[in-house]
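Just so it is clear: chains get the letters A, B, ... in the order the sequence lines come, proteins before strands, and each one is counted from 1. Being a predicted model, the structure only gives us computed values, none of them experimental.
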Amino acid sequence: MHWADVIARQLLERRPDHVLATAITPSGPIHVGNMREVLTSEAVHRAIQDQGGESEFIYIADSYDPLRKVYPFLDESAYAPHVGRPLAEIPCPCGGHATYAEHFLEPFLAALFDMGITPRVLDAHMMYKDGAYQETILRALAATDRVREIIERVSKRQLPKGWIPFNVQCQDKSCGSLDTTPLAYIHPIVTYRCKRCDLEAEVDITRPGVGKLPWRIDWPARWSFLGVTFEAAGKDHHASGGSWDTGQEIARTVFDTEPPMGLLYEFIQLKGKGAMHSSTGTTVSAEDMLRITPPEVLRFLIVRNDPRKHIDFDPGLGILNLVEDYDRFERVHYGKEEEGTGIKDAERVYALSQPHRVRAQMPVQVSYRHLVTVVQMAESDDDVIHILARAGEIPSDLPDADRKHILERAAHVREWLARFAPEDVKFQVQKEPPVFPTDADDRMLYSRFVDVLESVAEWRGDKIHDAVYEALTDLGLKAGEGFRAVYRAILGKDRGPRAGHFLASLPRDWVVERFRHYAGEEATTGTQERA
RNA sequence: GGGCUCAUAGCUCAGCUAGGUAGAGCAUCCGGCUUUUAACCGGGCGGUCCAGGGUUCGAAUCCCUGUGAGCCCGCCA
């Protein structure tokens, strides 16, 4: 059984209705690892519904968290003054969003939407300001000693003298820092000193929005007032003595709430670079990831792997394998291929990978690897379809849905080529003849190309291929050597797409002229290394 | 010091909450191919399932111990 169904079954044994929570701090570009948390939860959400249960899926944007430091991607002088202030109260890096938090949240939520994920989005800043946390804040403060004891015992950490389970937000409107020291707490008044602006002042904690619960209390607090019954969390939270452990106990003893079922999920590693961290730059943002990977394939990556196993993600050639694995699951799903080894829960994984619904008919498949070539030959979307149809790789009466699907994939391929593809899979038609040394044999070959291409009956891929092949067998050359000459002249490299159709996609006169360049004596002057 | 995960073919891994004669892809080797974007087609080679113990008629699979590796443990997925 698929892991999402196993978890759903366990949840439904407890009760018929569930609230699944997922939360992310929008302190920087939200990376593909964060995507795992959301997608893992969403798979469980769907599984609960598929088993007849009720499920609500919420996403909490931790926008009231303070800016911890000036991250490497931020302007030092512009953001240094904002350290300590809530992400929802400081400016957007690009100026195009209302707040810093929005800047990172907006593209991430858009990416989620593209993957068919539409959680109920809750904004922590707003929940604090609206008083949603109010009851839990008062309970936590009333139980300060108990909370302190739990955290110190479970996490084996010493809390400072005078610590209270509440971070006051500096009441100076021009400051607003959450980095404050409590001086005294005599209910309902907390006296504090701001570490940022040195203000010493009092706040009435019965007023909403005057501060924030520290993470270890915030987490169980929201379980309590949102009724969370399941929450996946990263392995960092699940380390022994971590916030998961303290949260369990605080939920039960301070908030009288049964904590949710947890699920530890492993990190996604960037191949060869280790875990992703927004702060160190070893990261691929979720939006970037979605630009180079079709949404169903990104879902597939996460859904087919057990959450507890780490994923090595290779944004280079690995993407091609990933997409081809997906296509294989698709063929199995539609009964076009046997479910062999290496394929697990094919039906379920495929269904959970779909952003929306499973199509009744199997989508027309085009080898993704091949698309990499086609996209580079084609000048437009129509060209892509034309090239594929010409080679018989798609039916001439291609349904609109398939046309759309193929072109979406082509767009992903283009993005991948521009940003992550290794150089050796790329090619570009050279406007000027590349310079490389030629000898008499080479010149003869090019001369021969000129003759056969001028005389070929029709400027069509198969005809051209036959003509070129004939020319080089006449000269006693191996196919490899002969075709290499074609690619050098056109692309400036030794390899390229299948020659016939490739040349057919270029104007005949231009091709002939290019070969003539290397056939004549005047071309032999080029002795430099080719570019 | 603690936690989680992993250990199966040369490499990457599937199989492990249905215990019942070890699987795939890649690499390699052989054959084919009017050629190729880590080509394609057919075939071959290849494993004490990390070690030890336990449960069982039967263990890669369940349990215990050990070894090795990776990641995590103020905020951090």
Side-chain angles (χ1 to χ4, degrees), chain A residues 1 3 6 9-10 22-25 27-28 30-41 62 65-69 71 151 155-159 214-216 232-245 264-269 271 274-280 283 286 304-312 314 316-318 320-321 324-325 328 338-345 367 369-374 376-377 421-427 462 465-470 472-473 477-484 486-487 491 493-500 502:
Chain A
M1 202 187 325
W3 55 261
V6 172
R9 194 179 58 186
Q10 288 169 356
T22 178
I24 283 160
T25 305
S27 57
I30 301 179
H31 54 74
V32 66
N34 301 109
M35 195 70 102
R36 186 173 204 180
E37 171 165 329
V38 180
L39 223 40
T40 299
S41 304
D62 278 312
D65 286 13
L67 182 69
R68 304 271 167 204
K69 60 177 182 182
Y71 298 105
I151 292 177
S155 75
K156 301 190 177 93
R157 185 167 304 138
Q158 191 71 37
L159 293 171
W215 169 241
R216 282 179 186 261
K235 68 188 313 193
D236 49 346
H237 290 307
H238 278 275
S240 95
S243 51
W244 179 259
D245 287 351
L264 175 152
Y265 64 87
E266 258 284 356
F267 289 6
I268 296 181
Q269 322 256 2
K271 190 175 179 184
M276 291 195 203
H277 294 289
S278 301
S279 50
T280 56
T283 178
R304 86 145 151 177
N305 284 296
D306 187 306
R308 290 167 305 182
K309 297 183 76 161
H310 87 252
I311 295 175
D312 268 318
D314 172 12
L317 289 172
L320 304 184
N321 283 340
E324 288 183 358
D325 276 348
R328 196 160 145 237
E338 288 295 305
E339 179 163 349
T341 57
I343 293 193
K344 187 173 41 168
D345 298 320
S367 155
R369 212 174 286 276
H370 183 53
L371 256 191
V372 171
T373 301
V374 172
Q376 294 182 86
M377 285 169 60
E423 287 307 311
D424 59 350
V425 306
K426 299 188 204 174
F427 61 83
D462 51 349
H465 177 270
D466 289 345
V468 170
Y469 191 82
E470 201 178 315
L472 46 99
T473 45
L477 288 173
K478 279 190 183 168
E481 295 174 54
F483 284 102
R484 190 169 60 210
V486 172
Y487 301 127
L491 304 174
K493 43 189 285 187
D494 289 350
R495 304 185 136 227
R498 288 178 178 267
F502 176 49

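As rounded to the nearest Å, B:rG3 and B:rU65 have P atoms that lie 11 Å from one another. Taking atom P on both B:rU61 and B:rU55, the two are 15 Å apart, rounded to the nearest angstrom. B:rC16 and B:rU56: their P atoms are spaced 24 Å apart (whole Å). B:rG19 and B:rA77 have their P atoms separated by 39 Å, with the value rounded to a whole Å. Nucleotides B:rG74 and B:rG47, compared at atom C1', are 46 Å apart to the nearest Å. Look at the C1' atom in both B:rG44 and B:rG54: the space between them is 41 Å, to the nearest Å. When the C1' atom is compared between B:rC72 and B:rC76, the two are found 11 Å apart, to the nearest whole Å. Comparing B:rC30 with B:rG66, their P atoms sit 49 Å apart, to the nearest whole Å.
If you measure from atom NZ of A:K235 to atom P of B:rC75, you get 17 Å, rounded to the nearest angstrom. Distance A:R9 CZ to B:rU17 C1': 8 Å, rounded to the nearest Å.
Nucleic acid contact for A:H465: base, since at least one base atom lies under 4.0 Å from a heavy atom of the residue. If you check every strand for non-hydrogen atoms under 4.0 Å, A:R308 touches sugar and phosphate atoms only. Contact annotation for A:R369: base contact, defined as any heavy-atom pair under 4.0 Å involving a base atom. Note on A:K309: only backbone sugar-phosphate atoms sit closer than 4.0 angstrom, heavy atoms only; bases stay farther off. At a threshold of 4.0 angstrom between heavy atoms, the contacts of A:G482 with the nucleic acid are absent. Among the heavy atoms of the strands lying under 4.0 Å from A:D466 is at least one base atom, whether or not backbone atoms are also near. Across all strands shown, A:A232 has no heavy atoms under 4.0 Å from either base or sugar-phosphate atoms.
Of all nucleotides present, none satisfies the Watson-Crick or G-U wobble test against B:rU55 with each distance under 3.5 Å. Both distances falling under 3.5 Å, in either a Watson-Crick or a G-U wobble arrangement, place B:rG68 opposite B:rC6.
Of the listed residues (A:W215, A:W244, A:F267), just one forms a ring-ring contact (aromatic ring centres under 6.0 Å, His included) with A:H237, and that residue is A:W215. Considering A:I311, A:I268, A:T40 as possible partners of A:N305, the one that fulfils the side chain to side chain contact (heavy atoms under 4.5 Å, CB included) test is A:I311.
Of the candidate nucleotides B:rC4, B:rC73, B:rU35, B:rC73 has the atom lying nearest to any side-chain atom of A:A239.
Evaluation of A:F267 against the base of B:rC72 yields no stacking contact (centre distance < 5.5 Å, interplanar angle < 30° required).
The two atoms that bring A:R216 and A:S243 nearest to each other are NH1-N, 3.6 Å, heavy atoms only.
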